[in-house]
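A short write-up of the structure that comes next.
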Amino acid sequence: MMFCGGAKDKDDQNVKPQKHVLCIGMACVDFVNIVKEFPLEDSDQRIQDYYWQRGGNASNNCTVLSLLSIPCEFMGVLGTEGVEASWILKDFESFNINTEHCVIKDVHCPVGTIILNMTNGTRTILFFPRDRPEMLYEDFQLKFKKDFSAYSWIHFELCSNVLEISKMIDDVLCYKNSNGQPVVSIEIEKPEFHNYNLVINKADLVFVSKDYAKSKGFANAKEAVSGFYNLCKEGAILVCAWSEQGASLCINNEVLTCPALQNIKVVDTLGAGDTFVAGFVGSLLSQRFYPTEPEHTTKIITKLEYALNYACHLAGLKCSMYGYTGLK
Ligand code: FRU
């Protein structure tokens with residue numbers, strides 16, 4: 001073997017810091033109330049337990065990625081008002097999640113009051129956006145100056161700022177290196193937001209939620225991925241998880257399906273979808289598979305099948321425990 005002694009291989013992971021997954025979206029505080037049965041309106045009762053938890057889809061994605069030992073960063077607007085503001089920052093820190101590019105504003109963070117029914121695991125979310133801190137393209141541009149070399153993957157949670165996100169994605173697509181990194185993924189979750197057509201044809205990987213698919217008339221994940229696929233760009237991957245029915249994905253019009261994890265006692269479904277997304281991304285990264293890299297189709301399908309199984313497994317495990325830390 002030739003030993004040059006000088007510069008090492010550019011991609012040597014021991015020399016270069018490992019690239020991060022950047023998740024862009026919202027961070028909030030979830031006030032979780034655990035009940036034995038769903039409360040009656042205007043009743044007064046004791047509940048079983050109560051705790052605070054950092055929430056928001058992109059923030060939850062980071063929590064799970066970090067528990068899977070995948071270096072990650074959260075980017076969003078963080079408020080300075082109220083006791084929750086400093087608590088959120090400390091909590092990110094305790095999970096080793098980088099927040100260096102967050103936009104700090106004098107606003108309150110959003111809050112979710114969650115009713116968790118311990119009997120069947122349903123989570124009822126009463127969400128209050130308060131000052132509605134959402135990322136603007138201007139902030140994104142100022143922070144990165146179009147340099148995304150630190151990231152292997154950039155995931156966008158779509159809120160009402162789809163137009164802003166569309167411009168952010170354009171910057172990342174212009175930057176992409178010859179390996180197709182950073183990979184761009186988006187999550188379309190909320191039926192009440194619009195203009196998703198501005199971004200769905202730009203992402204390498206699209207996650208569509210069950211709620212969104214149902215709002216468009218689809219009855220299951222298989223139908224949803226086939227139905228939405230023509231909106232995606234060529235070669236993109238479209239994924240849809242459907243709770244206890246498992247999940248499906250579509251690539252080049254080929255559909256793969258995987259069942260949900262069986263024989264679990266479901267106690268907490270809060271953030272199960274976010275866990276699925278993180279599990280899928282995490283699995284592809286640990287298999288060193290970047291969706292835009294040209295690879296042989298059968299190899300791609302095997303890796304995607306593995307990721308789909310892994311994501312379903314992880315989301316199921318999450319439902320069987322309170323919070324996320326048990327996933328470690
Ligand atoms: C779970 C979650 C919660 C948050 C709510 C926002 O997916 O991100 O943490 O309260 O959804 O819609």
Side-chain angles (χ1 to χ4, degrees), residues 23-34 50-67 72 74-79 82 84-85 87-89 91-92 95 97 99 107-117 121-135 155-162 165 185-194 196 207-215 239-243 247 266-281 311-312 314-319 321-327:
C23 299
I24 300 181
M26 199 226 350
C28 66
V29 177
D30 287 337
F31 299 102
V32 182
N33 301 273
I34 301 180
Y50 169 86
Y51 53 86
W52 295 24
Q53 188 172 278
R54 179 170 42 76
N57 295 14
S59 148
N60 292 336
N61 296 148
C62 285
T63 302
V64 177
L65 286 168
S66 171
L67 290 168
C72 62
F74 169 81
M75 185 188 199
V77 177
L78 293 181
E84 312 89 75
W87 181 83
I88 285 191
L89 255 183
D91 196 69
F92 272 123
F95 278 85
I97 298 166
T99 52
V107 293
H108 285 91
C109 70
V111 286
T113 299
I114 316 292
I115 303 174
L116 260 194
N117 185 342
T122 63
R123 93 289 182 260
T124 302
I125 304 176
L126 306 168
F127 187 72
F128 183 42
R130 293 213 276 198
D131 298 329
R132 236 176 248 284
E134 282 189 9
M135 284 279 305
H155 175 73
F156 295 88
E157 166 195 357
L158 300 182
C159 300
S160 60
N161 56 346
V162 181
I165 287 184
S185 59
I186 58 172
E187 188 203 17
I188 298 181
E189 192 207 24
K190 307 243 185 311
E192 67 267 28
F193 298 142
H194 305 285
Y196 291 136
F207 294 97
V208 171
S209 76
K210 171 182 160 188
D211 281 357
Y212 183 73
K214 275 168 93 177
S215 78
V239 191
C240 180
W242 209 276
S243 320
V266 176
V267 293
D268 172 11
T269 56
L270 180 65
D274 307 332
T275 305
F276 176 90
V277 167
F280 195 84
V281 171
C312 282
L314 199 72
L317 262 190
K318 194 260 117 357
C319 293
M321 63 182 69
Y322 290 105
Y324 304 95
T325 45
L327 291 174

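Everything numeric in this text was worked out from a predicted model, so none of it was measured. Order of appearance sets the numbers: ligands from 1, and atoms from 1 within every ligand.
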F31 and Y51: aromatic ring centres closer than 6.0 Å?
no
Who gets closest to atom 9 (O) of ligand 1 by heavy atom: V29, N61, D30?
D30
Hey, are E84 and R54 close enough for a salt bridge, meaning a charged N less than 4.0 Å from a carboxylate O?
no
Find all atoms of ligand 1 within a distance of less than 4.0 Å from any non-hydrogen atom belonging to G55, and give their numbers and elements.
9 (O)
Does ligand 1 have any atom that is closer than 4.0 Å to a heavy atom of K190?
yes
Under 3.5 Å between some N or O of ligand 1 and some N or O of G56?
yes
for atom 2 (C) of ligand 1, nearest protein heavy atom and its distance come out as N57 OD1, 3.5 Å
Considering heavy atoms of the protein only, find what lies nearest to atom 5 (C) of ligand 1 and give residue, atom and distance to 0.1 Å.
I125 CD1, 4.0 Å
Short side-chain to backbone donor-acceptor contact, S59 and A27, under 3.5 Å
no
With a cut-off of 4.0 Å, which atoms of ligand 1 are near a heavy atom of N60?
1 (C), 2 (C), 8 (O), 9 (O)
Which residues satisfy the ring pair (Phe, Tyr, Trp, His ring centres under 6.0 Å) test with Y324, sequence neighbours excluded?
none
Residues that V266 engages under side chain to side chain contact (heavy atoms under 4.5 Å, CB included), provided they are two or more places apart
I264, T269, C319
Ligand 1-proximal atoms of Q53, by part, heavy-atom distance under 4.0 Å
neither
Under 4.0 Å, heavy-atom basis, I'd like to know which part of C28 is in contact with ligand 1: side chain, backbone, both or neither.
side chain
Can a side-chain donor-acceptor contact be found between E134 and S160 if the only test is distance below 3.5 angstrom?
yes
One thing to verify: whether D268 and K318 come together as a salt bridge, which I'm taking to mean a side-chain N less than 4.0 angstrom from a carboxylate O.
yes
Are any of the N/O atoms on D274, whether in the backbone or the side chain, positioned under 3.5 angstrom from an N/O atom of ligand 1?
yes
